[in-house]
Amino acid sequence: MTPLVPLACLAFVNTRTSVFNRKMSQCAAAASREAIASLPSLNSSDGSAMKPDALAEELKGKRVALYFAAGWCPMCTSFEPSLLQFRDAAVSSGKDVSIIYVPSDRSEADVVKRTTAMGMLSVPIGEEADEMKKRYKIWAGAESMKLGTGRRSGVPALVVLDAKNGDEMAFLPAESEGAKALGSWPLDNDDGLW
């Protein structure tokens, strides 16, 4: 059976398998550039800024989600062992996952401590994190004075991103469902493969 091909990649369809596979890989990489461009600047787990090329390489071939949480939030810290276990199980089954931390922490030092412990990239604390919270309408109740009351969820919560444009593919309401929410992650959907 011939694989389904994104319309933007039809020009590369060829009956010679090696040419087809190489061109499809190039096309898939081009498609994820838009997704990567949709992200704010990101920091590595140690807090250092990631360069765009390093970020593209880090996310290549992975399923990506934004994780909205805070270290002072008991629901977040009790959810995280399940989240990390889920990530490890997905990676073990050949479905690599990258989780990007969107912090509601109170300091950059708190963010670095958490991302180092969990092995996650992060959105810089402050304006960039607040923009992501407003975009996806997810923030801690303690941030309502700053961000308003129009949220769809508090923390913890995850937003799974598609690989084409970085758009929301799935919302995982961990605040209301806990670890059960992870079952809604569309790991088998190749639209989420960066």
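Below, each value reflects all heavy atoms present in this structure, side chains not excepted, and no hydrogens, waters or symmetry copies. Note that the numbering runs from 1 along the sequence shown for the chain.
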With distance as the sole test, does Ser45 use its side chain to make a donor-acceptor pair with the main-chain N or O of Thr116 at under 3.5 Å?
no
Ala56 meets the side chain to side chain contact (heavy atoms under 4.5 Å, CB included) criterion, sequence neighbours left out, with Ile36
Between Asp105 and Ile125 the two heavy atoms that sit nearest each other are O-CD1, 3.2 Å
Can you list, pair by pair, the side-chain donor-acceptor contacts under 3.5 Å of residues 154-162, counting residues two or more places apart and other chains?
residue : atom : partner : partner atom : Å
Asp162  : OD1  : Lys164  : N            : 3.4
Asp162  : OD1  : Asn165  : N            : 3.0
Asp162  : OD1  : Gly166  : N            : 2.8
Asp162  : OD1  : Asp167  : N            : 3.0

May I have the list of side-chain donor-acceptor pairs in residues 74-82 shorter than 3.5 Å, sequence neighbours left out?
residue : atom : partner : partner atom : Å
Thr77   : OG1  : Cys73   : O            : 3.4
Thr77   : OG1  : Pro74   : O            : 3.2
Ser78   : OG   : Pro74   : O            : 3.0
Ser78   : OG   : Met75   : O            : 3.2
Glu80   : OE1  : Arg114  : NH1          : 3.2
Glu80   : OE1  : Arg114  : NH2          : 3.3
Glu80   : OE2  : Tyr67   : OH           : 2.8
Glu80   : OE2  : Arg114  : NH2          : 2.3

Sorted by chain and residue number, the side chain to side chain contact (heavy atoms under 4.5 Å, CB included) partners of Ser144 (sequence neighbours excluded) come out as Trp139
- Query: Any donor-acceptor pair under 3.5 Å linking the side chain of Arg152 with the backbone of Lys137?
  - Reply: no
- Query: Does Asp110 come within less than 4.0 Å of Lys113, counting only side-chain N to carboxylate O?
  - Reply: no
Please report the C-alpha distance between Ser41 and Glu128 in whole Å, then the side-chain angles of each, then the deciding distance to 0.1 Å, and finally whether the side-chain hydrogen bond (donor to acceptor under 3.5 Å, both in side chains) criterion is met. CA-CA 8 Å; Ser41 62; Glu128 289 186 272; 2.8 Å; yes
Next item on the list: For the residue pair Pro40 and Glu131, establish whether any side-chain heavy-atom pair is separated by less than 4.5 Å.
Entry: no
By side chain to side chain donor-acceptor pair (under 3.5 Å), Glu57 pairs with (sequence neighbours left out) none
Do other residues, nucleotides or ligands put more than 12 heavy atoms under 6.0 Å from Asp46 CG? yes
Residues 175-188 vs side-chain hydrogen bond (donor to acceptor under 3.5 Å, both in side chains), sequence neighbours excluded, gives Lys95-Asp188
